Structures are given as C-alpha cells and as structure tokens.
Novice: 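Dropping a structure here in structure tokens format, bear with me for questions.
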Amino acid sequence: MFSRLRGDFPILDVRVGESPLSYLDSGATSQKPQCVIDTFVEYFGQRNAAVHRGAHSLAVEATDAFENGRIAAAGLVGGTPEQVCWTKNATEALNIVALGMDRASHGFGGEEAERFALVPGDSIVVTEMEHHANLVPWQQLAASTGAQLRWLPVTASGELDLTDLDTIVDETTKVLAFTHVSNVLGTINPVDRLVEQARAVGAYVVLDACQSVPHMPVDFVDLDVDFAAFSAHKALGPTGLGALWGKSELLDALPPVLTGGSMITTVTMEETEFMPAPQRFEAGTQPVAEVAAFATAIGYLAEVGLDNVFEHEKELARVLLDGIADIPGIRVLGDAADRIGTVAFDVDGVHAHDVGQYLDSQGIAVRVGHHCAQPLHRRFGVTASTRASTYLYNNVEDCTRFLTALAEVRPFFGVAGEGE
Amino acid sequence: MFSRLRGDFPILDVRVGESPLSYLDSGATSQKPQCVIDTFVEYFGQRNAAVHRGAHSLAVEATDAFENGRIAAAGLVGGTPEQVCWTKNATEALNIVALGMDRASHGFGGEEAERFALVPGDSIVVTEMEHHANLVPWQQLAASTGAQLRWLPVTASGELDLTDLDTIVDETTKVLAFTHVSNVLGTINPVDRLVEQARAVGAYVVLDACQSVPHMPVDFVDLDVDFAAFSAHKALGPTGLGALWGKSELLDALPPVLTGGSMITTVTMEETEFMPAPQRFEAGTQPVAEVAAFATAIGYLAEVGLDNVFEHEKELARVLLDGIADIPGIRVLGDAADRIGTVAFDVDGVHAHDVGQYLDSQGIAVRVGHHCAQPLHRRFGVTASTRASTYLYNNVEDCTRFLTALAEVRPFFGVAGEGE
Amino acid sequence: MSTQMQQLYQQVILDQSRARTGNEALQRDAATGPHGYSHQVNPTCGDEIELETELLDDGHIAVRWSGDGCSISMASASVLSELAADATAEQMLEIESAFHELMHSRGTMEADEGILGDAAAFSGVSKFPARIKCALLSWMAFKDALNQAQAAREEKHHA
Amino acid sequence: MSTQMQQLYQQVILDQSRARTGNEALQRDAATGPHGYSHQVNPTCGDEIELETELLDDGHIAVRWSGDGCSISMASASVLSELAADATAEQMLEIESAFHELMHSRGTMEADEGILGDAAAFSGVSKFPARIKCALLSWMAFKDALNQAQAAREEKHHA
Ligand SMILES: Cc1ncc(COP(=O)(O)O)c(C=O)c1O
Ligand SMILES: Cc1ncc(COP(=O)(O)O)c(C=O)c1O
C-alpha cells in the first residue's frame, strides 16, 4: 500500500537540480495528494460562495462542504462536530484558549467564564519541550494575570521528567498545557499520567496535538483532555487551516477573542451577544475551500488507516536511527522508545545550516534551525539541529539516500577526524 | 474586455437547476478566475513547503512565492511590502488593531506601545454603517478599557451624517474606525474629510477597505490612513486570507495578539522578544498557497485595471437602480451618488429570505439577511434586506435577468397591490 | 416556476404566512394559567420570534406569539398555533418530534398528515437546508416555553 | 557534488570558517579607543554574533567578535576581520556596500575582487536566498558597531 500511494503525491516527482526529491520535512508541513488539490479545483470551479448566510444554491452547497468538514474532523479526532472550531492554524487555536482565559481574567464572559479566570498565586504549567506556539501564549497569559509559569523539565533521553510532577502541577495549577508528541525529538508523551495529575488538582488540560494527529490514531475524548489544537497542513490538508477542539461546555463558556460577523446573535451599537461554539470562535469569512480540501485529506488518511501510518513511520524511524548510529560524529537528540518518525541530530563540527545545505544538494529536504523550540535546544546545549521527519509517502529509499548523503557531510566540510 | 473575461471564471458555467447562474453576491465573496485556481495546483504540486525556516530548495521557492505575494499586495494598495501583514481574513486584521490597543492599554508592548493605550475618558468613534467586523472589536475595546464608544449616524440617503463630526470626533478620540465603502448601501465614504478631522484631534484612523480594494483603485498612502484591512476572497483571491496594512512605525509598536512560532527573535522559558512587522503579526504556519493564489489574482486585477472595474460596475449599478425604480413595491436602501455596484432593497410585503429564494429558483444568486450590519438595518427600519452586488465578471444580462425575476416576486407571493 | 419552488411555497404556507394565527399581544405574567415564554433568533437572517404558552384548564394550550421573519417562519408559527388549539401537550410534543424529523429528512420522508395536519405542508422545506431553521424557529420557542409552563404547573402543585 | 555547492562552499569559506580571525574575547568598555558594540540574531536559524569595533590611532579598525553559526556566517565574520586589519573606515564601508549589493544580486553579478578581496568568495551565496542573511549577519553587526564607534569619537572631539 505505502509504495503505491507515493503516486498520489505529484510533488514527489519534482527534481531538485539533478536529484530526485526525498522530502523528509513533513514535521514542518506535509505534502498533498492529488485528491486534495482537486478539491480546490472542484470547490472554486463549482460551488464557491459565502457560507451560512445565503438562501442561494451555491451558498447552500458551500455550507454543506464546510459543515461536512467539521463532521470529518470529528471523525478524525473524536467528539461531535460542534466540538471542532476552525482556526487559521494550530497557533491560533492555542492562542484562543490562552487569550480567552486572559479575557475571562479581565472580567469578560460573565459568570460562565469565571472558571477560567487566573489570579496571582495561580500557576500555569507547560514543558521544556514545547513548540513556541504552546509556550509564548502562556507566558503572555502569566504576564497578563500575575499567574506563575512553571514547566516540566526534559531528561537527557528526551522524555518529560515527571519526578516532581506532583509539586510542579499542584493545587495552584489552573492549566497544564503540553505537547502530545515533540516536534523535535519525536517523543510521545504519556498523556494519561499528565491528565490524571491535572484532574487531581482541578487543572484544565490543553493538548498540542500538531504532531500526533497526522501520524497516529488519536481520540481526544478517550484522552480526556479539555482543549486540543492541530493543523490541517501537517495532515495532508491545505495551508491556512487549523482547529481548536474542546469540551462543549468549556467552549461555550470561553470568551471569544476575535469578534465580528457570523459569530453573533444580536448586535446593537452598544453591545453584542455571541453564539455558542463553534461559531463563537469563527469570526468573519472562514477558510471554506481549505475545510473542503481537509475533509478530502481526512478521507484519504482514513482509507490508509492511521494505525498503518503509525507502524510505517515507526519502521522508517528504526531505519533512520540505526543508520545514523553507524555514522561517526552524529548525536541524535533524545532516544525515547515511544516515538514517531522524527529524528533531530547534531553533527559534530558542522552547523545545522550547512548540513541542510549539503543534503539539499542531493535532493534531500530536511529542516534546520531551532524548529520553534529554542528552550529545548538550549536544554541539549545547541542552538540549532537538523531534523528528518517522515510521513506516509516516505519509503526506505528516502532514508537510505538521506543516510548516504549524511555520511558525506563531515568529510565534505573537512571535519571528519582521524580513522573515521 | 469585460465580456471576454467571463470565460476565465469556470463557475459562471454552472447551472442552478434548469437556469444559468447570475452571480450577484460578490459583496459576500468573489468568484475565482482559472489562473487563481491553477496557482493552487501549481503550488501544491510543485513547490509546497514551510516558509522562512528552511535551507532546502522547496522551502526557498515557497518563501519566494509567499514574499512575492507581499510585494504584489503592496502594489495593489500602496506602501512597501513590510507594511502588509497576512491574516486569515479582514476580521482578524481589524481585531489585531483593536486587541493590540487593548494589550497596550494593559501595559504590554513597553514604552513604544503607550501611544495606543486607552483610558476612561478617551473615546473610540465608529459609524452606524459598519460591518460587525468593524464594530464589535471596538465595543470590546471600549468595555475593556473604559473608553467611550461613539458613532457617526447615517442619513436617510445612506451617507454618513457629518453634521456633528467635530463634536463626535473630538480631543478625547483615540481611534476613528470606519468603512471605506458600505457593504450594504454601496456608499463610498469621504475618507479625506474624516482623516482630516482625525488628524486635527490626533486620533488614529482605521479603514475597513473590504469593499473598496476589490472594486476601485485604492492607495492607503494617498489616503493617509494609519491602518487598513481587506480580504483576499472578495478580490478574486482565495478563502483563508486577509491583510492588515499599517504605517510601519505603528505596526512595529503595536503589541502582537497571536503569539507563537516565526514571530519571535529569542525565546527562553521565561520570556520572549518579538520581531518587527510584518512577522510580528504572523504567528505560526501561514496561508502560503493562499498568498501565492492571491498574488495571481492581483496580477489579474492589474491587467484588467481597477479603474476599468470601477467604471464597469458603476454602469451595472445604474442598470440595477433604474430597473428597480420601475418595479412597484421595492424600496432601495440609500441613494448616495458616490457608490459601487452594490444595491440593497426591501420588497414590500415579502421577506428578504423569500425574495432570495425566488431569485435563486431563477438562477440568480443574491444575499439576504442583515449582511453583518444589524445596526444599519435597524436605522432603515428593517431587520433584513436583499442585496445584489456586482463584480467585473457581471454583465447587463445578469442585471436584466435579475430585474425580470424581481418583478415576479410580489405577484408570486400574492402581495402585488391593485393596478400593479 | 420550478416544481421545487411550488413544493416549498405550498398554498397553505402562503395563506398561513398572511393569516398569522396566534400572532397577538403577549400577556407574560398577566396570564392566569401556568405559562412559559421563549425568545428565539435565527442569527443568519435576523428572524426572530417571541412566543408564550399557557396551560388551560381544559387540557389545551394557548399559544401567543409575535415575530418578524420570512413566510416559512411566520406560516410555521401560525400552523403551530392552530394545531395547539386542538391538541393536548402530549400530542403537541408528538407533532413537534415528527416535524423535527421531517425537517431533517432532506426530502427523503413522506409527511404523515395524520399526525402533522397542516404542518405536513412544510415537507418541501426539508430540501432547502438554509430554510429548515425558519420552519423550526417557532417550534423551538414552543418547546422551550411549554417546558417552562409545565414546570410552573408542577411548582404550583407542590406549593 | 553539484557545481552550485562548490561555488557556495569555496575553499576560502571552509578555511575561514575554521580560522575565525577576530574571534576573541570582547573588551567592551575596557577598550581604550572609541568603540561600538552590536548583537545580531538570525531568528530563522538561531545564528548570532556579538561584534565590537574599536577605532585605532593609526586609522585602522580593530574588530573582535564571538558568535555561533553556520560556516557561511563564521567565515564571513572572519574575512571581515581580516579586511578590517588593512582598511580604513571609509574603505570598509565601501566594501560593506559592495558586499551587500553582491549578496542581493541572485547570482547575476560578478564579484569585484579589487574591492572585496577574500569577500569575493561569497558570490555563490547570492544564489541561495536562505543563506544571504548568514553572510550578512556580521556585516550588519559591523556597520552598527562602527557607527557607534564613530559617534563616540565625535563626542570625544567635542568634549
Ligand atoms: C465592509 C466589510 N467589512 C468587513 C468584512 C469582513 O470580512 P471577512 O469576512 O473577510 O473577515 C466584510 C465582509 O464580510 C465587509 O463587507
Ligand atoms: C508541536 C507543534 N506545535 C505547534 C505547531 C504550530 O502549528 P502551526 O504552525 O500550524 O500553527 C507546530 C508546527 O509548527 C508543532 O509542531
């Protein structure tokens, strides 16, 4: 199956200079199958219109496409369609929660929203392996409310250090926000253990599911989180679309951040009443074509099966890790047993930017830099790393081509030591 | 020229039941020429990657596509590319300004941002003809800071009533936010006069340019506004994309609202420094394919010429207004001389929803409801209206088909009076 | 004229949208029997309805409403009021549930005239997703208001 | 190996990235001559440089820097420091401007070795948009720091 589906992705036929393309940067953004691209052609060519507001036939069709996307997304991550609020990306989704709590802390949202208010003495807990998208908004919330920002440290093996979990997540904790899977290390975090501690102290759980939803079966209801965020573009879907998932009771109580059209019931010059979720968080014209295209992507993923995707990528991770172990002078960041096909590493004597450049000259696309996780890199004593990340369209040949090129890097830059 | 370019829009060939489509709902969202659709196919098929962060070739090409979009947008509305910040829609753009001021009022953004801080005693001025997107965020800002919300009323002819301009926009006024063109009435507002008064009292000017940028030549530098917002989807571009334009000095000082990756310089666990505009306002993965497609749309508009578009639509407006005047029982909302091809009206005895349904049965797509402008409708004593709005692909035949069907509406619902 | 339009705007609907049975001044707390009130808005088009129910001694329900909306929503409120005049609370809830199901059938269901009476005329609406809310608006208000009226009666009993 | 890669990573660059001329402890306010300091960060990759300039009595400029970054950025700082040892402030600004132009030429310009010296070796970088910032980082810091040093000297004169 996995060898056949490569043909569905037109970009894999692109050549980089004289080399074929091995795209190992799906952790940043995924490539799109033809059917997802076709949805844009079909939507804009056949049924484009503004949704929710029209009696005319195109508007009805566009609304159907939009709402069917919500149904598809609920099928992907669990819960009901009303629990899925569309955003521009996962970053906006995480901000909606943090900024909604900020507004609740400043008296917005009435009695309903008081449960989200933070005061000095409260704490917010994140982890040292967060993407900036799940760190900076919480820093801002702490600054705005006087709450304290705390974090769970990361071990040398790239796992969350839970030694002091009970004292870090304590009775003062109102929010525990963490990533399901590290976008740098590939580590899968123990959601159950963290949710259990959050429940014990009555904290809300916010899950950054950007790197899990595309790569493994995920059900937010089973995981029992309160809010979760993910992006369409990392899961075969288009750019310009992400989602906030939440428990309905909480979504309906959280004050909206972006306000305007299509999220209100009554507006006078003086005041406004807001609709319940999901519309509450969907002010203005929505990414309708993008939702339609994402629905197609979800259908594609369902056909392949996310359990199969998970297994496939685990095999590729093995190939990558075993191969890298044979190349002198490469240090992989983290070695958690529970992981997806994402591997970040440091090449002794060669800066990540130069590593990436060399690999690119062989048609191998990897990511270099801090991957929006500066604190995590600091934890590992580097400012930047090189990251290879797989997806369902990658194969062993991509990995082998990557490993062959990687072995040439240090010799090329003249830093291969004696006897290497 | 205008008759030829219809062929560029595949959706215009769609049939509604047995009728051809006359799409008169471009005020809500515009249709897309084939070249814009093709850009999606080309981008996702040939050069999709995450921008700004990669050394690999696809990432470089994607970054080029993304940044060229900014150059194109600056070409469309004036100023430099750095003055264009991408958003999900115009609503987000307006919220960024209002919420940025909210954050400045709560001590964020340091000394730089103090200029944006509002206190009780300050005032914010909007107008009675605003779209909810340019009203609700300002209500929220007033509620959050204790500033007073004031508004310029609308005359019976659907124009801004400037009689008391000097007392409404006075020394207390920190922000004057208004729409360039009414999305209901089609009225073009006198930007010069309003900017002049704002300058006289030292207020910032925020222009909602959603309905002007697609339909006429607009230059924000010439208009001398401080901030402006518009949407790609109303200007032949894709869904999921809008823009905030601003004076660089102000953009760089305004505290960002959405925070996360790609908008920071340095992040530690404790604190974060933000980049200048435009990145400052572009947290997380951006709508890259959408920007590429919008660049294509802008090129298309430039080829046609926005002055030609403006003239073409004014002619269609004439046909619509003259035709409606001949149909008994129809009251057009507003009759400003300075207008675009947008006409809203009330049908005596028939609710807008029913009017729209009847027109749809003849293949004519119009919008019904309050068009996200409840206060304006209240001003005209109705809760809903029917709106026909034109764009460059409409022709006189669309107008005639619309007029013929409209004349049948009251007879169909049995409300045509004696002798009509 | 398309047949879909004729199915949508059946004569019953056009007539009832003008008749507006039950469209009269609300009594609110001046009502003597156990009563309930509901205000429903359709945010997409601005249609709204205020509706009150009063439980009468003879087991019937008085319905009074005032509203602003399209012919579908006005006709629906009118038909509802007519039906209420001849039905018990249980029967009305049965009609409500049948009507709800019919509206969400996307044109795949036969309307059961035995249960629905004149409300069967709305079966064409189910093919127009954007109009379903119009037809249901008064019924949502009714269900809400009836709930309150019944709760008020319970309270009286226990008082 | 593609020729583009060979053009990018010329031997001069690989050598200079290891040589790191000028990479030494900053003196900051312990410096005796008029001096300036700049800290530049490339947010996309985390590369950074701290660089200081000190105006010497013989008309030359001492450059000291410390940084962390890719071979292009380190080599660029190193070449800059070497060039500074033999040039006046005016000459350095001329080089800076020629270098800036070369970097933004997208491979369409011949590097003028007469002006640029070893910095001409970076001409291949201009074909790699993502790397231009790497090559310019130290030069941005230099220009900023030199400005400050010159301002400091002005002040001294007038004091
Ligand atoms: C005048 C005006 N302002 C604001 C908006 C909101 O734009 P968007 O829905 O793209 O955010 C619109 C369109 O809906 C509009 O017509
Ligand atoms: C773990 C994680 N969180 C958050 C994000 C942000 O997602 P987006 O850029 O789509 O907003 C990403 C991806 O960049 C990620 O990998």
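Just so it is clear, the values below take in all heavy atoms, side chains as well, and ignore hydrogens, waters and symmetry mates. Chain A is the first sequence line, chain B the second, and so forth, proteins listed ahead of strands; every chain is numbered from 1. Predicted model only: the values in this text are computed from it and were never measured.
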Novice: Go through the atoms of Arg47(B) and report whether side chain, backbone, both or neither lie under 4.5 Å from a heavy atom of chain A.
Specialist: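 Only the backbone of Arg47(B) comes within 4.5 Å of chain A.
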
Novice: Please state whether the side chain, the backbone, both or neither of Ser30(B) comes within less than 4.5 Å of a heavy atom of chain A.
Specialist: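 When you check distances to chain A, only backbone atoms of Ser30(B) fall under 4.5 Å.
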
Novice: Of all of Ala142(B), Ala293(B), Pro137(B), which one pairs up most often with chain A through heavy atoms under 4.5 Å apart?
Specialist: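 Looking at each option in turn, the highest pair count goes to Pro137(B).
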
Novice: I'd like to verify something: which residue of Ala283(A), Ala373(A), Ala289(A) has the highest number of heavy-atom pairs under 4.5 Å with chain B?
Specialist: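 Of the candidates given, the most pairs with chain B belong to Ala283(A).
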
Novice: If we ignore hydrogens and angles and just use 3.5 Å, is the side chain of Arg387(A) paired with the main-chain N or O of Gly369(A) as donor and acceptor?
Specialist: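 Side chain of Arg387(A) to backbone of Gly369(A), a donor-acceptor pair under 3.5 Å: no, none is there.
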
Novice: Which answer fits Val16(B), side chain, backbone, both or neither, if we ask what part of it has an atom under 4.5 Å from a heavy atom of chain A?
Specialist: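 Interface part for Val16(B): side chain.
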
Novice: Answer with side chain, backbone, both or neither: which region of Thr386(A) has an atom nearer than 4.5 Å to a non-hydrogen atom of chain B?
Specialist: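 Contact with chain B: none, neither part.
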
Novice: Most heavy-atom pairs under 4.5 angstrom with chain B, which of Phe108(A), Tyr23(A), Phe44(A), Trp138(A)?
Specialist: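 Ranked by contacts with chain B, first place is Phe44(A).
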
Novice: Of all of Leu149(A), Leu21(A), Val41(A), Val291(A), which one pairs up most often with chain B through heavy atoms under 4.5 Å apart?
Specialist: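 Most pairs with chain B among the choices: Val41(A).
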
Novice: In terms of heavy-atom pairs under 4.5 Å with chain A, which of Val267(B), Asp102(B), Thr87(B), Asn89(B) leads?
Specialist: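 The candidate making the most pairs under 4.5 Å is Val267(B).
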
Novice: Backbone N or O of Ser389(B) within a donor-acceptor pair of the Arg367(B) side chain at under 3.5 Å?
Specialist: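 Judged by distance alone, no pair lies under 3.5 Å.
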
Novice: In terms of heavy-atom pairs under 4.5 Å, which option from Ser144(A), Gly356(A), Ser231(A) contacts chain B the most?
Specialist: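 Going by pairs under 4.5 Å, I would pick Ser144(A).
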
Novice: Name the region of Ala143(B), side chain, backbone, both or neither, that has any atom closer than 4.5 Å to a heavy atom of chain A.
Specialist: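 For Ala143(B), heavy atoms of backbone and side chain both lie under 4.5 Å from chain A.
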
Novice: Could I get the full list of salt bridge (charged side-chain N to carboxylate O under 4.0 Å, His left out) partners for Glu130(A), not counting sequence neighbours?
Specialist: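 With sequence neighbours excluded, Glu130(A) shows a salt bridge (charged side-chain N to carboxylate O under 4.0 Å, His left out) to no residue whatsoever.
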
Novice: Could you report the tightest heavy-atom contact between Glu290(B) and Thr239(B), atom names first, then the distance?
Specialist: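 Taking Glu290(B) first and Thr239(B) second, the nearest heavy atoms are CG-O, 3.4 Å.
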
Novice: Which region of Val14(B), side chain (C-beta onward) or backbone (N, CA, C, O), has a non-hydrogen atom less than 4.5 Å from a non-hydrogen atom of chain A, or is it both or neither?
Specialist: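 Interface part for Val14(B): side chain.
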
Novice: When the aromatic ring centroids of His131(A) and His371(A) are compared, is their separation below 6.0 Å?
Specialist: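 No, ring centres 6.0 Å or more apart.
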
Novice: I need the residue from Ile11(B), Thr91(B), Ile37(B) with the largest number of non-hydrogen atom pairs under 4.5 Å to chain A.
Specialist: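 Ranked by heavy-atom pairs under 4.5 Å with chain A, first place is Ile11(B).
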
Novice: Any donor-acceptor pair under 3.5 Å linking the side-chain atoms of His233(A) with those of Thr29(A)?
Specialist: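 Side-chain D/A pair, Thr29(A) to His233(A): present.
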
Novice: Tell me, out of Leu359(A), Thr268(A), Leu135(A), Val126(A), who's got the most heavy-atom pairs with chain B below 4.5 Å.
Specialist: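 Among the listed options, the one with the most contacts to chain B is Thr268(A).
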
Novice: Which one, His106(A), Glu271(A), Gln286(A), leads in non-hydrogen pairs under 4.5 Å with chain B?
Specialist: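 Of the options given, most contacts go to Glu271(A).
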
Novice: Does Glu92(A) use its side chain to pair, donor to acceptor, with the backbone of Lys88(A) at less than 3.5 Å?
Specialist: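 Answer holds: yes.
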
Novice: Check each atom of Gln139(B) against the heavy atoms of chain A and say whether the ones under 4.5 Å are side chain, backbone, both or neither.
Specialist: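 Contact with chain A: side chain only.
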
Novice: Side chain, backbone, both or neither: which part of Phe9(B) has a non-hydrogen atom closer than 4.5 Å to chain A?
Specialist: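 No part of it gets close to chain A.
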
Novice: Classify the angle between the aromatic ring planes of Trp86(B) and Phe294(B) as parallel (below 30°), tilted (30 to 60°) or perpendicular (above 60°).
Specialist: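 The arrangement is perpendicular - the two ring planes meet at more than 60°.
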
Novice: Is there side-chain contact between Glu61(B) and Gln46(B), with at least one heavy-atom pair below 4.5 Å?
Specialist: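 Not touching, per the 4.5 Å side-chain cut-off.
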
Novice: Checking His377(B) side chain against Thr383(B) main chain: does a donor-acceptor pair fall under 3.5 Å?
Specialist: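 Side chain of His377(B) to backbone of Thr383(B): no pair is present.
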
Novice: Do Ser57(A) and Asp360(B) have side-chain atoms, one donor and one acceptor, less than 3.5 Å apart?
Specialist: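 A pair is found: one side chain offers a donor N or O, the other an acceptor, under 3.5 Å apart.
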
Novice: What part of Leu258(B) gets closer than 4.5 Å to chain A, counting heavy atoms only: side chain, backbone, both or neither?
Specialist: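 Both backbone and side chain of Leu258(B) come within 4.5 Å of chain A.
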
Novice: Is it the side chain or the backbone of Gln34(B) that comes within 4.5 Å of chain A heavy atoms, both, or neither?
Specialist: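 Contact with chain A is absent: no heavy atom of Gln34(B) under 4.5 Å.
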
Novice: Specify which of Gly260(B), Gly363(B), Ala352(B) makes the most heavy-atom pairs with chain A at under 4.5 Å.
Specialist: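 Sorted descending by pairs with chain A, the first entry is Gly260(B).
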
Novice: Could you tell me which of Asn134(B), Ile96(B), Leu12(B), Val288(B) has the largest number of non-hydrogen atom pairs under 4.5 Å with chain A?
Specialist: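 Max contact count across the listed options: Val288(B).
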
Novice: Looking at chain A, which one of Ile364(B), Leu94(B), Val257(B) has the largest number of heavy-atom pairs inside 4.5 Å, strictly under?
Specialist: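 When all of Ile364(B), Leu94(B), Val257(B) are compared, Val257(B) has the most.
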
Novice: If we ignore hydrogens and angles and just use 3.5 Å, is the side chain of Arg379(B) paired with the main-chain N or O of Val154(B) as donor and acceptor?
Specialist: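 Judged by distance alone, yes, a pair lies under 3.5 Å.
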
Novice: Measure distances from Ser19(B) to the heavy atoms of chain A and classify the residue's part below 4.5 Å as side chain, backbone, both or neither.
Specialist: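 Neither part; nothing is under 4.5 Å.
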
Novice: Show your reasoning for whether salt bridge (Lys or Arg N to Asp or Glu O under 4.0 Å) applies to Asp8(B) and Lys32(B).
Specialist: CA-CA 8 Å; Asp8(B) 298 335; Lys32(B) 323 302 172 201; over 6 Å; no

Novice: Less than 3.5 Å apart, any donor N or O on the side chain of Thr266(A) or Gln374(B) sitting next to an acceptor on the other?
Specialist: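 No, Gln374(B) and Thr266(A) have no side-chain donor paired with an acceptor closer than 3.5 Å.
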
